[in-house]
Amino acid sequence: MLTILANAKINLYLEIVGDRPDGFHELVMVMQSVALCDRITLTPLNTPNTRIECDHPQVPTDASNLAYKAVTLVQKTFPNRTNQFGGVEIHIEKKIPVGAGLAGGSSNAAATLLGLNMLWNLGLTRLELQELGAQLGSDIPFCFVGGCAIATGRGEEVASISHTPKLTVVLAKYSSLSVSTPWAYKTYRQRFEQTYQPIGDRATLEERQARIRSSTMVKALRDLNPPTIGNYLHNDLEKVVLPAHPKVAQLKETMTAAAVGQGGLGTMMSGSGPTVFTLCELPEQAEAIAQTIRQQISDLDLQLFVAPFTAYGLRKED
Ligand code: C5P
């Protein structure tokens with residue numbers, strides 16, 4: 001039996017560059033792990049079954065669960081190991097909100113792959129785990145890298161930015177509200193396709209990726225310059241998610257106002273939403289901002305979390 005702690009992520013930057021022939025979108029993102037984690041416990045079974053248990057009612061425990069899909073992928077890729085080791089039970093203790101733009105499902109799948117690599121002695125390197133994870137979801141490779149990273153391609157090409165800034169976020173999400181990621185990208189495409197530049201060949205793509213590496217945001221992350229990080233937060237998906245969900249737009253406004261005078265550096269939606277976050281330098285500032293938001297929005301459906309940035313996507317529990 002072994003337990004992996006799987007951290008959530010936020011997007012400090014998400015730019016949609018264009019369509020891809022595979023139906024996905026070409027992205028340029030800056031991702032950051034935050035210390036809000038699910039606890040994934042893998043227990044070997046003698047029978048060849050896969051069993052998922054989760055303490056959160058919105059999480060499916062059937063074959064549609066990403067952790068379940070991770071087991072199936074490993075069984076398909078390593079049939080001999082499965083015959084040798086049998087099945088596995090995966091218990092998911094959920095803290096990361098579901099359907100939130102925080103990579104909750106992706107982090108659970110990544111934790112499952114990492115856990116099976118240990119449990120079944122698969123001998124996979126981190127890069128091989130990233131490649132396997134990419135077959136299941138675009139955000140999964142980042143979970144193996146963790147910390148602060150640039151993600152390009154459909155999100156699966158991940159390059160670390162050397163340091164993780166010492167910042168803290170306030171995360172806010174209406175518990176009963178989820179946004180479908182395919183819907184967000186599809187709607188963005190319908191509205192903004194005409195603004196896409198042709199993606200071009202590999203050289204053009206590499207040039208664009210070089211542009212993000214020398215961008216103000218990435219420089220600010222490398223120089224550990226919090227005010228500039230806060231000023232350059234960006235997420236193209238806000239353009240479709242906020243108009244479709246006025247409650248989330250209102251939440252962002254409330255958080256932006258609460259940040260003023262309390263040390264908030266910037267406020268932005270994460271991924272395809274609907275989680276909105278505010279960056280702060282100090283945990284006390286984040287707590288004060290969270291308290292102000294709670295006073296202004298008395299809705300019990302609103303979940304608030306305060307979480308520091310962390311250098312890890314996944315960690316084995318001692
Ligand atoms: O890769 P993942 O399963 O997380 O993506 C969920 C959905 O989000 C995809 O099916 C696709 O509709 C959309 N997506 C996209 N371009 C990306 C990543 C995701 O269009 N780069």
Side-chain angles (χ1 to χ4, degrees), residues 8-20 23-32 34 58 96-106 137-139 151 154-155 169-197 199 212 215-217 229-260 264-279 289-290 292-305:
K9 63 84 185 157
I10 55 170
N11 298 84
L12 299 174
Y13 188 91
L14 191 162
E15 184 189 340
I16 301 175
V17 176
D19 292 345
R20 292 164 51 107
F24 282 73
H25 289 81
E26 192 67 32
L27 305 177
V28 172
M29 299 191 283
V30 178
M31 325 263 270
Q32 173 64 56
V34 296
Q58 275 169 277
I96 306 174
V98 178
L102 297 174
S106 299
S138 310
D139 283 347
R154 62 183 173 87
V169 272
V170 185
L171 300 161
K173 178 186 180 273
Y174 286 104
S175 165
S176 61
L177 185 67
S178 292
V179 170
S180 145
T181 304
W183 170 85
Y185 280 103
K186 196 178 86 199
T187 311
Y188 188 92
R189 177 181 301 204
Q190 282 162 358
R191 282 200 47 203
F192 297 105
E193 199 161 20
Q194 66 284 4
T195 67
Y196 293 168
Q197 309 270 320
I199 287 179
I212 176 78
S215 68
T216 309
M217 167 59 95
I229 298 169
N231 280 337
Y232 281 84
L233 297 174
H234 176 83
N235 185 349
D236 273 337
L237 289 174
E238 278 198 343
K239 293 178 211 161
V240 291
V241 177
L242 298 188
H245 298 282
K247 238 177 128 172
V248 182
Q250 180 61 52
L251 173 62
K252 188 182 171 194
E253 270 178 40
T254 306
M255 291 175 75
T256 306
V260 175
L265 301 167
T267 299
M268 185 63 46
M269 188 182 81
S270 180
S272 55
T275 304
V276 181
F277 66 85
T278 296
L279 285 191
I289 290 169
T292 305
I293 298 163
R294 178 58 75 208
Q295 280 159 4
Q296 299 197 347
I297 306 178
S298 53
D299 192 340
L300 288 179
D301 193 41
L302 183 67
Q303 297 174 286
L304 287 165
F305 306 88

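Heavy atoms only: backbone and side chains are in, while hydrogens, waters and symmetry mates are out. Here, residue 1 is the first one in the sequence, and each next residue gets the next number.
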* **Parallel, tilted or perpendicular: rings of H234 and Y13 (30°, 60°)** => tilted
Are side-chain heavy atoms of [X] and [Y] found at a separation under 4.5 Å?
X    : Y    : value
L171 : I10  : yes
M217 : L233 : yes
P274 : M269 : no
V276 : M268 : no

Which heavy atom of [X] sits nearest to which heavy atom of [Y], and what is that distance?
X    : Y    : answer
G101 : K9   : O-NZ, 3.1 Å
L102 : P97  : CD1-CD, 3.8 Å
A151 : G155 : CB-O, 3.5 Å
V98  : S178 : O-OG, 3.5 Å
G137 : R154 : C-NH1, 4.1 Å
N11  : M31  : ND2-SD, 3.3 Å

* To do: Check step by step if side-chain contact (heavy atoms from CB on, under 4.5 Å) holds for I16 and L27.
  => CA-CA 5 Å; I16 301 175; L27 305 177; 3.8 Å; yes
With [X], which residues qualify under side chain to side chain contact (heavy atoms under 4.5 Å, CB included), at least two apart?
X    : value
A249 : L242
Q190 : K186
Q296 : T254, T292
R294 : L302, L304

Inter-residue atom distance [X].[atom1] - [Y].[atom2], 0.5 Å rounding:
X    : Y    : atom1 : atom2 : answer
R191 : T187 : CZ    : OG1   : 9.0 Å
M255 : T278 : CE    : OG1   : 3.5 Å
H245 : L177 : NE2   : CG    : 5.5 Å
Y185 : S138 : OH    : OG    : 7.5 Å

* To do: Can you sort out the partners of F277 under ring-ring contact (aromatic ring centres under 6.0 Å, His included), two or more places apart, ordered by chain and number?
  =>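 Residues passing ring-ring contact (aromatic ring centres under 6.0 Å, His included) with F277: none at all.
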* To do: Ignoring hydrogens and angles, state whether a donor on the side chain of T275 or S270 is under 3.5 Å from an acceptor on the partner side chain.
  =>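 Distance-only check fails for T275 and S270.
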* **No-hydrogen, no-angle side-chain donor-acceptor test under 3.5 Å, H25 and R189** =>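 There is such a pair between these side chains.
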So, does [X] use its side chain to make a donor-acceptor pair with the main chain of [Y] at under 3.5 Å?
X    : Y    : answer
N235 : G271 : yes
S175 : Q303 : no
D301 : S176 : yes

* **salt bridge (charged side-chain N to carboxylate O under 4.0 Å, His left out) pairs, two or more places apart, involving residues 232-247** =>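 Every pair satisfying salt bridge (charged side-chain N to carboxylate O under 4.0 Å, His left out) with a residue in residues 232-247: D236-K239, E238-K252, K247-D299.
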* Might you confirm whether atom CZ of F305 has over 12 heavy atoms from other residues, nucleotides or ligands at distances under 6.0 Å? =>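 For F305, atom CZ is crowded (more than 12 foreign heavy atoms under 6.0 Å).
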